[in-house]
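Structure first, then comments.
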Amino acid sequence: MNLIDLFNIQTELLTPTEVVLTMEIKPEHQQPYGVMHGGVSCVLAETAASMGANQNLDTSKQVAVGLDIQTSHLRSMKLGQIQAIAQPIKVGHQIQTWRVKIFHHDQQISESTINLFNQQVN
């Protein structure tokens, strides 16, 4: 089982210029203190950015892989659906940079910037 299946991440929109993913936050996604673990935001953000970045590539020749992620946690949340909206900042020949905002209803809970490397497939 892969992480997308394990977290039950759903794809709402997938284009080279925008990706929208959703997932339901459940007790197993929480810290011991009862709020969503920040790593969940990072998983969802990198997943969205990677999916979008690969839409800009011929994946028989190249695949986008994460180089780094910077995430700011803006609000905490406990349970419910979150939505990630990813858009490219720059799509280069070797490096792509994507911004991902994650929302719970209309409140933004995090924002990430992800750099991805367009790696050659052997």
Side-chain angles (χ1 to χ4, degrees):
M1 174 178 288
N2 66 45
L3 200 57
I4 293 171
D5 294 335
L6 183 65
F7 277 42
N8 195 27
I9 296 171
Q10 303 297 311
T11 304
E12 306 296 330
L13 178 67
L14 179 60
T15 73
T17 59
E18 186 171 41
V19 177
V20 178
L21 303 180
T22 58
M23 74 172 280
E24 190 73 23
I25 300 304
K26 299 178 181 176
E28 58 263 34
H29 302 118
Q30 293 179 330
Q31 300 176 347
Y33 310 108
V35 296
M36 183 185 83
H37 192 288
V40 173
S41 292
C42 295
V43 165
L44 191 60
E46 187 165 345
T47 300
S50 295
M51 290 173 72
N54 279 300
Q55 291 296 302
N56 289 301
L57 301 174
D58 175 352
T59 55
S60 69
K61 296 178 183 175
Q62 289 181 307
V63 293
V65 296
L67 285 174
D68 61 50
I69 183 169
Q70 188 277 319
T71 300
S72 296
H73 303 289
L74 306 173
R75 286 187 173 79
S76 65
M77 67 165 293
K78 295 183 178 192
L79 301 169
Q81 188 174 71
I82 58 175
Q83 179 185 60
I85 301 172
Q87 297 175 321
I89 296 171
K90 177 163 178 31
V91 177
H93 294 289
Q94 291 186 318
I95 305 288
Q96 295 189 50
T97 303
W98 283 68
R99 177 172 295 121
V100 183
K101 296 180 180 182
I102 297 180
F103 296 89
H104 175 61
H105 300 296
D106 62 345
Q107 293 210 339
Q108 187 175 352
I109 61 168
S110 71
E111 184 164 327
S112 299
T113 303
I114 299 102
N115 290 306
L116 304 109
F117 177 67
N118 301 331
Q119 179 174 305
Q120 298 297 317
V121 174
N122 293 335

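All of these numbers come straight from a predicted model, not from anything done at the bench.
The structure places CG of D68 at 9.0 Å from CD of E46, a figure rounded to the nearest 0.5 Å. To the nearest 0.5 Å, the span separating CD1 on I25 from NE2 on H37 amounts to 12.0 Å. Atoms NE2 and CD, on H105 and Q81 in that order, are 8.5 Å from each other to the nearest 0.5 Å. Interatomic distance, CD of E111 versus CD1 of I85, reported as 11.0 Å (0.5 Å rounding). Taken from CD in Q70 to CZ in R99, the straight-line distance is 10.0 Å, to the nearest 0.5 Å. Taken to the nearest 0.5 Å, the CD atom of E12 stands 11.5 Å off from the CG atom of L14.
The backbone N or O of K78 lies less than 3.5 Å from a partner atom in the side chain of Q30, making a donor-acceptor pair. With hydrogens and angles disregarded, a donor-acceptor distance shorter than 3.5 Å links the side chain of N56 to the backbone of P16. For the pair H73 (side chain) and I109 (backbone), a donor-acceptor distance under 3.5 Å is absent.
Across every non-hydrogen atom of S41 and M36, the tightest pair is OG-CE, 3.1 Å. Between A84 and I102 the shortest heavy-atom distance is CB-CG1, 4.0 Å. Nearest heavy atom pair, residue A45 against residue V100, reads O-CG2, 3.6 Å. Nearest heavy atom pair, residue A48 against residue A86, reads CB-CB, 3.8 Å. In terms of heavy atoms, S50 sits closest to L116 at OG-CD2, 3.4 Å. A pairwise comparison of heavy atoms in M1 and D5 identifies CG-CB, 3.8 Å as the closest pair.
Side-chain contact between V121 and S60 is absent, with no heavy atoms from C-beta onward closer than 4.5 Å. Residues H104 and R75 have side chains not in contact (no heavy-atom distance under 4.5 Å, counting atoms from C-beta outward). Using a 4.5 Å heavy-atom threshold, the side chains of T47 and L3 count as separate. M23 has its side chain within reach of V40: a pair of non-hydrogen atoms, C-beta onward, lies under 4.5 Å apart. By the 4.5 Å heavy-atom criterion applied to side chains, E18 and Q87 are counted as neighbours. Annotation: side chain of W98 is not in contact with side chain of I89 (no heavy-atom distance under 4.5 Å).
In terms of hydrophobic clustering, with Ile, Leu, Val, Met, Phe, Trp and Tyr side chains grouped at heavy-atom distances under 4.5 Å, I69 and V91 are assigned to different clusters. Hydrophobic clustering, with ILVMFWY side chains joined whenever heavy atoms are under 4.5 angstrom apart, keeps L21 apart from F103. Linking Ile, Leu, Val, Met, Phe, Trp and Tyr whenever their side-chain heavy atoms come within less than 4.5 Å leaves V65 and I114 in two separate clusters. Tracing side-chain contacts under 4.5 Å through hydrophobic residues (I, L, V, M, F, W, Y), one reaches I82 starting from L6; they form part of the same cluster.
More than 12 heavy atoms of other residues, nucleotides or ligands shown are found within 6.0 angstrom of CD on E28.
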**Q.** N118/Q96 under side-chain contact (heavy atoms from CB on, under 4.5 Å): CA gap, chis, key distance, verdict
**A.** CA-CA 7 Å; N118 301 331; Q96 295 189 50; 3.0 Å; yes
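Under the rule for a side-chain hydrogen bond (donor to acceptor under 3.5 Å, both in side chains), the partners of S112 that lie at least two apart in sequence or sit in another chain are T71.
For the side-chain contact (heavy atoms from CB on, under 4.5 Å) with I9, the lone residue among N2, T22, I4 that qualifies is I4.
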